[in-house]
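Residues take their numbers from the sequence shown, with the count starting at 1. Bear in mind that the values here come from a model prediction, so they are computed numbers and not experimental data.
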Amino acid sequence: MTQREQTNDINVVQRILDEYPIMILDGALATELEQHGCDLDDPLWSARVLLENPDVIVNVHADYFRAGADCAITSSYQATVEGFRKRGIGEGAALDLIRKTVELAAKARDDVWAEQLVDVSSGRAENVGNEQVDYRTGEYTSGEKLRRPRPVVAGSVGPYGAYLADGSEYVGHYGVSDETLAAFHRPRMAALIEAGADILAFETIPSLQEARVLVEILKEFPDTHAWLSFSLKDGTSISEGTPLEVCAQTFGSEPQIVAIGLNCAPMEVVTEAIGVLRQTCDKPIIVYPNSGETYDAETKTWSGEGSCGSMKDASEQWVAAGAQIIGGCCRTTPHQISELAKKWRS
């Protein structure tokens with residue numbers, strides 16, 4: 001049975017927000033893979049590890065779940081049929097690798113969830129005491145609950161610019177047709193859904209054109225939900241210049257889009273962007289900024305210092321402004337996610 005069948009096609013974001021005021025996302029995958037000794041100097045970026053050392057991906061996902069993340073974003077951001085083809089990998093094998101990203105994240109989730117729930121049997125478990133607990137919900141027979149929901153897996157759908165590996169996900173002017181973008185995105189989306197991703201993450205999207213294409217493809221899978229997060233030029237516009245207000249108005253009524261927001265932007269612009277979105281959109285707002293360092297697309301390196309202040313402290317402003325889903329992007333760590341989880345789940 002796939003995870004999608006288990007969740008019965010529900011909006012998993014709303015399910016979590018119905019019980020908890022804040023949903024906690026994970027942080028950077030690539031940064032942690034490098035900390036585990038992986039070499040990501042490759043056009044495939046973190047997708048290279050799928051080929052060489054997939055167990056490390058499980059370990060990183062598990063670190064974030066242990067830190068308190070409610071959601072893992074799969075290692076498929078830069079995993080595409082076209083990208084793998086350049087490495088001599090055929091379409092069938094490429095789609096298998098994309099599906100594998102969901103399986104790896106789900107394994108990490110299930111392993112960490114079971115760490116506190118021993119002797120799992122028939123969908124139920126028993127903790128180190130004698131009290132029974134439901135494996136799927138974390139609810140004990142006494143009525144007590146774990147201080148977190150059972151985590152979910154989001155299938156990462158990175159932008160066309162990530163495949164180009166030239167930093168254009170932060171610019172967005174691709175010069176390609178809607179048909180080209182659709183042909184690029186559709187196979188990966190289908191593979192992630194087939195593998196059982198609970199939700200899709202349309203992330204680091206730099207252009208209104210690409211966002212529209214993604215939402216149109218999503219309609220081909222009517223039982224699937226997604227969040228839509230943009231890369232930003234500044235606190236009021238996305239990377240290719242479209243005002244955030246226009247983006248919120250364009251997708252605010254799309255039923256399959258369950259949250260709208262931003263990712264991989266410096267922390268300093270987050271509060272302003274939330275304010276713009278809140279004024280024009282009723283959907284939950286999602287934010288997972290980077291550390292504040294600057295990325296050089298030519299050298300594929302980060303430079304400068306991270307943002308002043310901690311993500312935990314900054315999150316107070318984000319929540320006050322209207323954000324409900326919070327995590328980290330490039331160069332953020334399990335420690336920062338742990339701080340967020342402690343703050344909003346204590």
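Within a 6.0 Å radius of NZ in K283, more than 12 heavy atoms belonging to other residues, nucleotides or ligands are found. For H173, the NE2 atom is densely surrounded, since the number of other residues' heavy atoms within 6.0 Å is greater than 12. Other residues, nucleotides and ligands contribute over 12 non-hydrogen atoms within 6.0 Å of the CG atom of D178.
A distance of 10.0 Å separates CD1 in I325 from OG in S229, rounded to the nearest 0.5 Å. The CD1 atom of I326 sits 9.0 Å away from atom CE of M311, with the distance rounded to the nearest 0.5 Å. The CZ atom of F84 lies 9.5 Å from the CG atom of L95; values are rounded to the nearest 0.5 Å. Atom CG of D26 is separated from atom CD1 of I73 by 4.5 Å, given to the nearest 0.5 angstrom. One distance of note links NE2 of H185 with CG of L218; it measures 12.5 Å at 0.5 Å rounding. Atom CD of E240 sits about 9.0 Å away from atom CZ of F230, to the nearest 0.5 Å.
Residues H225 and V13 have side chains not in contact (no heavy-atom distance under 4.5 Å, counting atoms from C-beta outward). With a 4.5 Å cut-off on side-chain heavy atoms, R331 and N290 do not count as touching. Using a 4.5 Å heavy-atom threshold, the side chains of V157 and R188 count as touching. Looking only at side-chain heavy atoms (C-beta outward), S231 and S239 come within less than 4.5 Å of each other. Looking only at side-chain heavy atoms (C-beta outward), M189 and L214 come within less than 4.5 Å of each other. Looking at heavy atoms from C-beta onward, W227 lies in side-chain contact with L25 at the 4.5 angstrom threshold. Inter-residue side-chain proximity for D70 and Y20 is flagged as unmet; no heavy-atom pair is nearer than 4.5 Å. You'll find the side chain of S207 stays beyond 4.5 Å of the side chain of Y160, heavy atoms only.
In plain terms, the two heavy atoms of A105 and V153 that are nearest each other are CB-CG1, 3.8 Å. The nearest pair of heavy atoms linking G235 to L244 is O-CD1, 3.8 Å. Closest heavy-atom contact between V81 and A94: CA-CB, 4.1 Å. The two residues S76 and S156 have their closest heavy-atom pair at OG-O, 2.7 Å. Nearest heavy atoms, G252 versus C281: CA-SG, 4.2 Å. Heavy atoms only, all atoms of each residue included: G161 and Y174 are closest at N-OH, 3.1 Å.
Side chain of R109 to main chain of H61: no donor-acceptor pair is present (N/O by atom type, distance under 3.5 Å, no hydrogens or angles). A donor-acceptor distance shorter than 3.5 angstrom exists from the side chain of Q336 to the backbone of T333, with no hydrogens or angles considered. Listed for the Q256 side chain is a donor-acceptor partner under 3.5 Å among the backbone atoms of T224. In this structure, Y170 contributes its side chain and A265 its backbone to no donor-acceptor pair below 3.5 Å. Remark: the backbone N or O of Y77 is not paired with any side-chain donor or acceptor of E203 at under 3.5 angstrom.
Legend: residues meeting salt bridge (charged side-chain N to carboxylate O under 4.0 Å, His left out) with K100, ordered by chain and number and at least two apart, are absent. Partners of R212 by side chain to side chain contact (heavy atoms under 4.5 Å, CB included), not counting sequence neighbours, listed by chain and number: L208, T250, F251.
Contact check on D96 versus R99 returns a salt bridge, with a Lys/Arg side-chain nitrogen under 4.0 Å from an Asp/Glu carboxylate oxygen. A salt bridge is absent between D198 and R150: the closest approach of a Lys/Arg side-chain nitrogen to an acidic carboxylate oxygen does not fall below 4.0 angstrom. Taking a cutoff of 4.0 Å between a charged side-chain nitrogen and a carboxylate oxygen, E339 and K342 do not qualify as a salt bridge. Salt-bridge formation is detected for the pair E316/K343: a Lys NZ or Arg NE/NH1/NH2 atom is positioned less than 4.0 Å from an Asp or Glu carboxylate oxygen.
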Under the side-chain contact (heavy atoms from CB on, under 4.5 Å) criterion, do C247 and I260 qualify, and how do the steps go? CA-CA 9 Å; C247 296; I260 295 178; 5.9 Å; no
Is there a side-chain contact (heavy atoms from CB on, under 4.5 Å) between W344 and V319? Walk through the geometry before answering. CA-CA 10 Å; W344 298 106; V319 171; 3.5 Å; yes
Worked check of side-chain contact (heavy atoms from CB on, under 4.5 Å) between L104 and T74: CA-CA 8 Å; L104 296 175; T74 62; over 6 Å; no
side-chain contact (heavy atoms from CB on, under 4.5 Å) evaluation trace for R148 with R345: CA-CA 7 Å; R148 63 185 299 187; R345 289 284 158 77; 3.8 Å; yes
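Ring geometry, F184 versus Y163: the interplanar angle falls from 30° to 60°, so the pair is classed tilted.
Neither V171 nor L164 shares a network with the other; the hydrophobic side chains, linked directly or stepwise wherever heavy atoms of I, L, V, M, F, W or Y lie under 4.5 Å apart, form separate groups for each.
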